Enquirer: 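Input: one structure, supplied below.
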Protein chains: 2
Amino acid sequence: MKTQLKKGTLDMCVLAALSQADSYAYELVSKLSQGMDISEGTIYPLMRRLQNESWVSTYLVESSSGPSRKYYKLTEAGRRELETMRREWQEFVAEVENVLRGGPAAATEGAQQ
Amino acid sequence: MKTQLKKGTLDMCVLAALSQADSYAYELVSKLSQGMDISEGTIYPLMRRLQNESWVSTYLVESSSGPSRKYYKLTEAGRRELETMRREWQEFVAEVENVLRGGPAAATEGAQQ
DNA sequence: ACAAGATACCTTGTATCGCAAGGTATCTTT
DNA sequence: AAAGATACCTTGCGATACAAGGTATCTTGT
């Protein structure tokens with residue numbers, strides 16, 4: 001999957017996943033990797049960013065099959081941010097599709113061929 | 001408009017615009033800026049990339065209202081690449097929407113709340 | 001008991017790309 | 001001659017995805 005296209009969407013995808021159920025980074029990677037292809041080197045800095053913005057909070061849970069898991073939980077601010085991101089995403093997609101359709105943003109004047 | 005979201009889509013948008021009519025960088029900026037918000041500092045390196053990939057060719061046209069314009073024209077390879085990008089874009093959007101809908105890529109197992 | 005593998009955390013360095021800021025040259029208008 | 005629009009371009013910065021590598025825990029096979 002094209003790396004550049006993902007820029008700016010992974011935060012939203014993670015927040016969306018967390019809006020359904022709390023999760024931990026390692027699990028998020030394996031779940032999101034099915035369709036989105038996200039790697040560990042991406043998720044850990046990303047989760048830190050989300051936490052710095054206070055969009056998620058964390059708590060530790062001991063696991064019966066390995067080391068403790070750091071669960072992330074969406075905060076109220078995170079829920080609001082997710083809605084904002086959704087809106088921006090939809091607007092962005094609409095604008096790109098508009099250009100692809102040859103909408104008003106396409107160059108039409110004074111050109112040849 | 002969110003900077004990160006544009007990454008990887010501007011090439012496609014420019015190729016799409018050129019698929020309708022030849023154009024030059026300065027004009028592409030003013031046309032695409034209406035909806036997409038693209039700046040000169042972005043377009044010139046971008047056009048060079050497209051040319052390096054042989055997706056566009058260029059020709060000079062003298063203007064009656066300023067310096068000569070460097071027109072860009074989509075090549076056959078460019079047309080094929082545009083179709084590839086379109087496909088990848090659609091697949092990508094579909095996958096993101098899937099995650100937003102809480103699709104199979106969302107974390108559901110073993111979480112709390 | 002010990003090695004191997006899975007689970008789970010993390011950091012460092014690299015590449016890419018969009019953009020603000022700045023620079024140059026041409027042509028028209030005042 | 002000066003000012004402004006047109007049109008080209010480069011440099012340096014910030015953001016982010018990722019490969020590669022590292023550490024610790026827990027289970028399983030021998």
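These numbers come from a predicted model, not from an experiment. In what follows, chains carry the letters A, B, and so on, assigned in the order in which the sequence lines appear, proteins first and then strands, with residues in each chain numbered from 1.
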Enquirer: What is the distance, rounded to the nearest whole Å, between atom CZ of Arg49(B) and atom C1' of dC17(C)?
Expert: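 So the two atoms are 6 Å apart, to the nearest Å.
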Enquirer: When you check the phosphate oxygens OP1 and OP2 of dT16(D), does a side-chain N or O of Thr3(A) lie under 4.0 Å from one of them?
Expert: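 Answer is no, no contact under 4.0 Å.
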Enquirer: Which residue, Asp37(A) or Ser65(A), contacts DNA chain D at a nucleotide closer to its 5' end, judged by nearest heavy atom?
Expert: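 Closest to the 5' end, via its nearest nucleotide, is Asp37(A).
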Enquirer: I'd like to know if the side chain of Thr75(B) reaches the main chain of Ser54(B), judged simply by a donor and an acceptor atom lying under 3.5 Å from each other, with no hydrogens or angles considered.
Expert: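 Answer holds: yes.
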Enquirer: Does Tyr24(A) have a side-chain nitrogen or oxygen under 4.0 Å from the phosphate oxygens OP1 or OP2 of dA8(C)?
Expert: yes
Enquirer: So, OP1 or OP2 of dC10(C): does either fall under 4.0 Å of a side-chain N or O from Lys70(A)?
Expert: yes
Enquirer: Any side-chain heavy-atom pair from Arg49(A) and Trp55(A) closer than 4.5 angstrom?
Expert: no
Enquirer: Is a side-chain donor or acceptor of Ser33(A) paired with a backbone partner of Ile38(A) at a separation under 3.5 angstrom?
Expert: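 Side chain of Ser33(A) to backbone of Ile38(A), a donor-acceptor pair under 3.5 Å: yes, one is there.
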Enquirer: Quick check: any donor-acceptor pair below 3.5 Å linking the side-chain of Glu40(A) to the base of dC9(C)?
Expert: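 Yes.
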Enquirer: Please tell me which of Gly41(A) and Pro67(A) maps to the more 5' nucleotide of DNA chain C, matching each residue to the nucleotide holding its nearest heavy atom.
Expert: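 Mapping each residue to its closest nucleotide by heavy atoms, the 5'-most match is Pro67(A).
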Enquirer: What's the CG-P distance between Leu60(B) and dC8(D), to the nearest Å?
Expert: 9 Å
Enquirer: Write down the atom of Val99(A), the atom of Ala16(B), and the distance for their closest heavy-atom approach.
Expert: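 Scanning both residues completely, I find the closest heavy atoms to be O-CB, 4.2 Å.
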Enquirer: Is there a side-chain contact between Arg48(B) and the phosphate of dT10(D), meaning an N or O under 4.0 Å from OP1 or OP2?
Expert: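 Yes.
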Enquirer: Rounded to whole angstroms, how far apart are CG on Leu32(A) and P on dC18(D)?
Expert: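 To the nearest whole Å, that distance equals 11 Å.
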Enquirer: How many whole angstroms separate atom CD of Glu27(B) from atom P of dA7(D)?
Expert: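 Answer to the nearest Å: 8 Å.
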Enquirer: For the side chain of Gln4(A), starting at C-beta, report the closest nucleotide among dA17(D), dC9(C), dC17(C).
Expert: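 Among the listed nucleotides, the one closest to the side chain of Gln4(A) is dC17(C).
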Enquirer: Would you say a side-chain N or O of Arg69(B) is under 4.0 Å from OP1 or OP2 of dT6(D)?
Expert: no
Enquirer: Test for a donor-acceptor pair under 3.5 Å between the base of dT16(D) and the side chain of Lys6(A), counting only N and O atoms.
Expert: no
Enquirer: Heavy-atom nearest nucleotide on DNA chain D for Ser68(A) versus Thr9(A): which residue maps closer to 5'?
Expert: Thr9(A)
Enquirer: Could you check how far NZ of Lys2(B) sits from P of dG14(D), rounded to whole Å?
Expert: 19 Å
Enquirer: Would you mind reading off the distance between Tyr26(B) atom OH and dC9(D) atom C1', rounded to a whole angstrom?
Expert: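 My rounded result for the distance is 13 Å.
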Enquirer: Taking all non-hydrogen atoms of both residues into account, name the closest pair between Glu95(A) and Met36(B) and its distance.
Expert: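 Taking every non-hydrogen atom into account, CG-SD, 3.8 Å.
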Enquirer: Just call it for Thr42(A): base, sugar-phosphate, or nothing, with non-hydrogen atoms closer than 4.0 Å on any strand.
Expert: base
Enquirer: Just how far, in rounded Å, is C1' of dT16(C) from CD of Glu53(B)?
Expert: 13 Å
Enquirer: Looking only at side-chain N and O atoms, does Ser63(A) come under 4.0 Å of OP1 or OP2 in dA8(C)?
Expert: yes
Enquirer: Verify the contact: side-chain N or O of Tyr44(B) to OP1 or OP2 of dC8(D), cut-off strictly under 4.0 Å; return yes or no.
Expert: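 Yes, Tyr44(B) has a side-chain N/O under 4.0 Å of OP1/OP2 on dC8(D).
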